[in-house]
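One structure, as structure tokens, below. Some questions next.
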Amino acid sequence: MQEIKCSCGHINPYGTEVCGSCGKPLSDTDSDQLLNMRYEGAARRSQTYNKTIIDKIWNFFSSVKVGIAIIVITLIASSIGTIFPQEMFIPPGETAAQFYAEEHGALGQLYYSLGLHNLYGSWWYMLLVAALGTSIIIASIDRFFPLYKALKSQRVTRHKGFMKRQRIFGTSHVDNVDETMDKAQKILKDKRYNIRTENGNLLAEKNRWARWGPYVNHIGLIVFLVGASLRFFPDMYIDENLWVREGQTEVIPGTSGEYYVENEAFTVEYHEQEEGAEEEAAPLEDTFRTDAVLYQPEEGGTVGVDQELEEIDRQAIEVNDAFHFDDYSLYQVDYKLDELREMSFDVEDTQTGETVGSFTVDLNEPDDDYELENNENVRIHSYFPNFNINEEGVPTTENDVPDNPGFIFEMENSDTGDMEHTFVGVQANYNVSPNQEDNRYVFEFAGLDTNHVTGLTVRKDNTLPFLIVGGAIFMIGLVQGSYWPHRRIWLQRKDGEVWLAGHTNKNWESLKKDIHAVTEETQVTTPRDQTDEDDEQTAEKDENI
């Protein structure tokens, strides 16, 4: 495609509508329509090339309509993701398939089936974000560089076709052109216009930097989107739940085993009930607090379950008073009181009626077998921390939390050599031996022990600086492009007359006020607003006269 050489000698890219130097219209030269000054008539790649697949992709993403459509679709998708909680926020231990069906019925089941429970990490949502970023980048490049080159290379002296086809335009007969031009220059300079002169002509320009507001805006959006996307990269963003029982030490998720936390004690304090309050009303919590101890594995120590830990810090964690260390924070978000910790059982020999032994099961870390006082062994055949019968009628557990423990104990009958099986659960004690004969040994519940459990949230957010910087740049661009209009006033000598033209990208009344300051103190007449019907009618009458 050939470049376009203007009569002023300036070489313009193919597709240019207005010469970037002198402003001569290069298309529709016989038209008296106002010039499209949106991008100074500069050639944009998306308006010029449309042959290759790259051109078509470029043109597609550079379209403002496409960009707005992507934004609308992304906003709608983001809104749908807030209808029900995302998977990361459902209670710990719950399976997503059961949670959505049980809590939200058929809609919840549909929500889960469509994959909306993990929307913000889904491939198609990430594709939308990537498409939005691509659209912003291509649209910015497509418009910024042509506009930048056109404004940078613009000359003071403009072609008469350029002057006539500006929205604000007028010609004036004056007695002394030099004096008028000098006076106009002084007036505009006092109004903080940047003045350039060439061959006795004048260009007054103000707030050109405001034209870059939308592109600064786009840079902010790109930085923000990069920050949001980085949340899906390892070690950049962590938001995990952690349940720690009193006296236990757990590895902190997301730290790759670098940090451990111990729940030394958990405390709940309640507000005192006011007189006259209903006795059945639930007590209001004043404080719930975890006395936490932070550990790191000792350097050079054994790697594995039995590794030595070194205390590095300790702090009481309360709501709104997090435990900060390194780039991580531990927040107090939940608790569970009196969770079952241990259950004790007595074993009775039905032949003698005597108790042959007792044993205690740690419900969180049960042993495989226990030796009784009579040297007999009890073996745990099956353990169901949260016992349930599934749809097939098979015993199972909903999760690993010991809310409803159930056991199948196994003991050998020393007389017959047969293995006896007994199911023991909450208010349940059954003989489940395969031969259906009465068991010699029976198990009786002897006691239990409980403890408190604290619910913590582990947070780490290395994307926050990107989001803050992106948001700040976005706001700067928004203010820059919204409150400062780019104004230009051309004053030129033409055959003993003074021609005046003006253009701004917004707030035309303010531009007219600046021009009025010139016409009020000089012999330059008030130019016409060629989009104003009253001005046009007045002009036609003047021409008829």
| request: Give a yes or no on whether Asp400 atom CG has more than 12 heavy-atom contacts from other residues, nucleotides or ligands under 6.0 Å away. | output: no
| message | Is it the case that the ring center of Phe359 lies less than 6.0 angstrom away from the ring center of Tyr370? | response | yes
| For atom CD1 of Ile54, is the number of surrounding heavy atoms from other residues, nucleotides or ligands below 6.0 Å larger than 12? | no
| field | Within 6.0 angstrom of Glu269 CD, more than 12 heavy atoms from elsewhere | value | yes
| Asp368 and Arg379 ion-paired at < 4.0 Å | no
Please report, to 0.1 Å, the donor-acceptor pairs under 3.5 Å made by any side chain of residues 421-430, with sequence neighbours excluded.
{"from": "His421", "atom 1": "NE2", "to": "Glu410", "atom 2": "OE2", "distance (Å)": "2.7"}
{"from": "Thr422", "atom 1": "OG1", "to": "Asn439", "atom 2": "ND2", "distance (Å)": "3.2"}
{"from": "Asn429", "atom 1": "ND2", "to": "Phe443", "atom 2": "O", "distance (Å)": "2.5"}

| request: Look at the aromatic rings of Tyr215 and His218 and report parallel, tilted or perpendicular, splitting at 30° and 60°. | output: perpendicular
| In terms of side-chain geometry, is the basic nitrogen of Asp418 or Arg440 positioned less than 4.0 Å from the acidic oxygen of its partner? | no
| Does the pair Asp326 and Lys460 meet the rule for a salt bridge (Lys or Arg N to Asp or Glu O under 4.0 Å), with working shown? | CA-CA 9 Å; Asp326 204 352; Lys460 176 183 178 181; over 6 Å; no
| task | Answer with yes or no after comparing the ring centroid distance for Tyr148 and Phe145 against a 6.0 Å cut-off, counting only values under it. | result | no
| field | Under the salt bridge (Lys or Arg N to Asp or Glu O under 4.0 Å) test, residues paired with Glu342 that sit two or more places apart | value | none
| said: Using modelled atom types and a 3.5 Å cut-off, is there a donor and acceptor pairing between side-chain atoms of Asn390 and backbone atoms of Gly393? | reply: yes
| Partner of Arg341 by side-chain hydrogen bond (donor to acceptor under 3.5 Å, both in side chains), out of Asp362, Asp449, Asn451 | Asp449
| Residues, nucleotides or ligands: over 12 heavy atoms within 6.0 Å of Lys149 NZ | no
| Do Tyr259 and Val251 touch side chain to side chain, with heavy atoms closer than 4.5 Å? | no
| query | Do the non-hydrogen side-chain atoms of Met343 and Pro405 ever get within less than 4.5 Å of each other? | reply | yes
| Centroid-centroid distance, Phe224 to Phe474, less than 6.0 Å | no
| Under 6.0 Å from the CH2 atom of Trp123, do we count more than 12 heavy atoms belonging to anything else shown? | no
| field | Contacts of type salt bridge (Lys or Arg N to Asp or Glu O under 4.0 Å), residue Glu318, not counting sequence neighbours | value | Arg289
| request: List for me each residue that meets salt bridge (Lys or Arg N to Asp or Glu O under 4.0 Å) alongside Asp55, sequence neighbours excluded, and say none if there are none. | output: Arg45
| task | Give me the ring orientation class for Phe288 and Phe266: parallel if the planes are under 30° apart, tilted from 30 to 60°, perpendicular past 60°. | result | tilted
| task | Would you please classify the geometry between the His117 ring and the Tyr112 ring as parallel, tilted or perpendicular, with 30° and 60° separating the classes? | result | tilted
| salt bridge (Lys or Arg N to Asp or Glu O under 4.0 Å) evaluation trace for Asp291 with Arg314 | CA-CA 8 Å; Asp291 295 323; Arg314 58 172 58 224; over 6 Å; no
| message | Less than 6.0 angstrom separating the ring centers of Phe407 and Phe345, yes or no? | response | yes
| request: Can you see which heavy atom on Ser135 is nearest to which on Phe61, and at what distance? | output: OG-O, 3.2 Å
| query | Partners of Asp338 by salt bridge (Lys or Arg N to Asp or Glu O under 4.0 Å), sequence neighbours excluded? | reply | none
| Short side-chain to backbone donor-acceptor contact, Lys506 and Tyr483, under 3.5 Å | no
| query | Got a sec, which pairs hit salt bridge (Lys or Arg N to Asp or Glu O under 4.0 Å) with one end in residues 237-253, sequence neighbours left out? | reply | Asp239-Arg459, Arg245-Glu339
| said: I'd like to check Gln315 versus Leu330 (side-chain heavy atoms, cut-off strictly below 4.5 Å). Are they in contact? | reply: no
| task | Would you indicate whether the side-chain heavy atoms of Tyr260 and Leu294 approach each other to under 4.5 Å? | result | no
| message | Tell me if the centroids of the rings in Tyr49 and Trp58 come within less than 6.0 Å of each other. | response | no
| Thr249 side chain near Val261 side chain, heavy-atom distance below 4.5 Å | no
| said: As a test of understanding, state which of Arg143, Arg211, Glu17, Gln47 forms a side-chain hydrogen bond (donor to acceptor under 3.5 Å, both in side chains) with Tyr39. | reply: Arg143
